[in-house]
Each structure stands twice: as C-alpha cells, then as structure tokens.
Amino acid sequence: MIFNNILTNWYSIHKRDLPWRETKNPYFIWLSEIILQQTQIKQGLPYYETFISKFPTVKDLAEAKESDVLKLWQGLGYYSRARNLHYSAKYISSILNGQFPKNYKELLKLKGVGDYTASAIASICYNESTAVVDGNVYRVLSRYFNIETPINSTKGIKEFKILAQQLLPKSNIGDYNQAIMEFGAMQCKPTNPNCKECPLQDGCKAFALNKISHLPSKLKKTKVSKKHFNFLVFLSNDGKTILEKRTKKGIWQNLYQFPLIESKKSLAINGIKRQLENTSLINIENYSVSLYNEKEIIHKLSHQHLHTKFWIVETESLSKNSIDTADIKTYPVPILIGNFIEQFNF
DNA sequence: AAATCGGGGGT
DNA sequence: ACCCCAGATTT
C-alpha cells in the first residue's frame, strides 16, 4: 500500500474526536490552528472552546478589545499569537469585508499565519494541495525516510516541505494532512513510539537501521539566561494597588504586571528600599516593605529563568496609575503574576 | 542563520 | 536538566 493510504486508513480508525474536526468553517479552523501552535491539544482545547463561545464569528473577535482577547489567552503563552489573531480579525472584518481568505497565498498575508498554518487552513477548508509540516511531520518523515538533515536548519525546512508536498494524495488533502500529524502525535511519538504495532514498520528506514531514537536531528539551541525579577505589590489603606502595562517589545507585551525592578543579582530589602525611595510612588516618611515569598519563585521560560520575589509595599495612599484591588482579576497578566494574585487573595 | 517568544508535560 | 508541543517573526 502507498504511504499516504496507510496513514489515511490509520487515521480513519484512530483519530481523536476533537471539536475543530466537526467543522470546515475557516474561522474556526484558523482559531484552532493558532491556538495549537507550539501547544499540545490538551492545553489548547479549553481555550478553543472559550474563544468560539465568546467570539462566534470573526466579526465578534474583531470588535473585541485587545485586552479582553489577551485576558482569554492568559496562561497559554506566546502572546503575540493573540495580538496577531486580533489584528488579523480586524483586517478580515474591515479590509476584506468579512470574507475569509480562500487560498494558501492569501492566507499567508494574515499576521501570525506562516507556511504551516496557511497550508493547514487551505487544505482542510478548501482542499488545496498544500502540505503541512509541523513537529509531527518532521518526526514521521525523518524516521520513515531516514533523513538526517536538521529539521530546524534552512536546508531541512526546505527539504522536508518538498518531500511532504510530493507525498500528498490526489484527493482529501485535509484529511491526509491531519492524518500524518495525528500519527506523529499518537503513534510515532518523540519517545517510546509504538514501533511494534506500526502500520508503517515495513518501509520505515529508521526502524530497520535501529535509529528511531536518533531522529529527527536538530540543531542545538541557545542556552537559557537567568534574571532576577522583583515585583512591587503596593497596598494602600483605601484598597488600591498598581499595575503597569508592558508596552515594550519582548515577553508579555501588552500584558500587565506589578511595578518591576529587574536586576542582575538577587536583591535584598535594602536594595529594594533604595530604589523605591527614588520613585515618587510612595511617601518616604511613611511606608513599609516586606518580602512575600522567602523562597524565590523560579519561573522557567524556554529561553530564560526568572528568579522572582514579590515585595509587599504598604503605604497610606496611592495616586499614580493605581487601580482598585477588587478589579485586579480583570487585567490580562502573565501566569507568574496570575498565580500570585490567586494565592495572595487581595 | 540565529534568536526570541510561554507555559505545561514527559523522561 | 533537557526535550517536545498542529510555528511565526524579528534580529
């Protein structure tokens, strides 16, 4: 049997029941694909349900405020996905008069939609003959064909895209694309793949050569840096605190946080006081500072580890940018801040 | 070509 | 500690 036939047959038997598999509405498919970028289905699923419920059409999403979109995205990470999603919804709704792009080339023009996502939407919704190449596809193809080109090199990206394109069936492109991804996720897994009962075992070169655990090959990534974050949790007598919007580029753009003192080394209370008294946020004569978490919280991101302390700063009154603590849960915040807010219970 | 952008889960 | 996840964008 042919490679694509085996996968499509396997898929018809083993595919999971997922909500975005019950529709070809490009808006829903788009939503699901953005949510699932670098995200496991288990983590993304509840977010998908929330988004289609709160924003049933692209127009509803376009009319929302960005901060409300980010609030619903809170905890999912890679927040540029949410900002670009909202930006593109406005683009579709206004510039395209609500008409969703109908082919790969036009889909690519959407912010946040790259080769993978454009191929996924075009094939699933419009049966266009474009191959998806995600982490699953890299794994299945590198093993089956014993390809050692690093999957995150320029050469590898081109090579695997061309191969995936050649392997496409003549019809039902969307089903085949989903089949090879599902196969990679459930059968040809990164560790402990089920090679003993695999419909592709016969032709799998990596299995024959006992190289399954060495493929796919990947270039090493840069090491993580270490930073020290000191968040100042202000508390005034009249129940206010301060949240600031992160407007600069970088992590957590357009999310909110407590005023932050970032440092190369761990700061003690005197260092905090020194910097605090240089601001105009408090009355120097009458305030108190205490450390909330004796043990640093080490928040691990893919490329940096944030050693975090929360400092409670009690003061009589706050004027600048202060918000009511009763409203604090309405702001989109990084999960690091969100966890603190849950625990602190204002 | 390499770095950046999150958070959760597995080994 | 290191890797992976229905990747895209910026540097």
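We name chains A, B, ... by the order of the sequence lines, and we start the count at 1 in each one.
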Treating [X] as the side-chain partner and [Y] as the backbone partner, does any N or O pair qualify as donor plus acceptor under 3.5 Å?
X        : Y        : answer
A:Arg246 : A:Gln257 : no
A:Lys309 : A:Leu267 : yes
A:Ser53  : A:Phe51  : no
A:Thr241 : A:Phe234 : yes
A:Thr8   : A:Asn5   : no
A:Ser217 : A:Glu148 : yes

Taking atom [atom1] in both [N] and [M], compute the distance separating them and give it to the nearest angstrom.
N     : M     : atom1 : value
B:dC5 : C:dC4 : C1'   : 16 Å
C:dA8 : B:dG9 : C1'   : 23 Å
C:dT9 : B:dG8 : P     : 24 Å
C:dA6 : B:dA3 : P     : 25 Å

Going 5' to 3' through nucleotides 3-11 of chain B, assign each nucleotide B (protein heavy atom under 4.0 Å from a base atom), S (under 4.0 Å only from sugar-phosphate atoms) or - (no protein heavy atom that close). SSBBBS--S

Set of residues satisfying side chain to side chain donor-acceptor pair (under 3.5 Å) with respect to A:Asn321, sequence neighbours excluded: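 A:Asn321: no side chain to side chain donor-acceptor pair (under 3.5 Å) contacts found.
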
Using 30° and 60° as the class limits, which term best fits the ring planes of A:Trp30 and A:Tyr27: parallel, tilted or perpendicular?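 It falls in the tilted class, 30° to 60°.
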
Range on DNA chain C touched by chain A, heavy atoms, distance below 4.0 Å: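 Contact boundaries, 5' end first: C:dC4 to C:dT9.
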
Strand DNA chain B as a dot-bracket string - pairs counted if Watson-Crick or G-U with both distances under 3.5 Å, | where the partner lies in another strand: |||||.|||||

Going by the rule side-chain contact (heavy atoms from CB on, under 4.5 Å), which residues pair with A:Ile312 if we only count those two or more places apart in sequence or in a different chain?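 With neighbours one apart ignored, the set is A:Val233, A:Leu235, A:Ser290, A:Tyr292, A:Glu314, A:Phe340, A:Phe344.
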
Quiz: residues 177-186 of chain A side-chain donor-acceptor pairs under 3.5 angstrom, not counting sequence neighbours:
unit_1: A:Asn177; atom_1: OD1; unit_2: A:Val132; atom_2: N; d: 3.3
unit_1: A:Asn177; atom_1: ND2; unit_2: A:Ser123; atom_2: OG; d: 3.0
unit_1: A:Asn177; atom_1: ND2; unit_2: A:Thr130; atom_2: O; d: 2.9
unit_1: A:Gln178; atom_1: OE1; unit_2: A:Arg21; atom_2: NE; d: 3.3
unit_1: A:Glu182; atom_1: OE1; unit_2: A:Arg16; atom_2: NE; d: 3.4
unit_1: A:Glu182; atom_1: OE1; unit_2: A:Arg16; atom_2: NH2; d: 2.8
unit_1: A:Glu182; atom_1: OE1; unit_2: A:Arg21; atom_2: NH2; d: 3.1
unit_1: A:Glu182; atom_1: OE2; unit_2: A:Arg16; atom_2: N; d: 2.9
unit_1: A:Glu182; atom_1: OE2; unit_2: A:Arg16; atom_2: NE; d: 3.0
unit_1: A:Glu182; atom_1: OE2; unit_2: A:Arg21; atom_2: NH1; d: 3.1

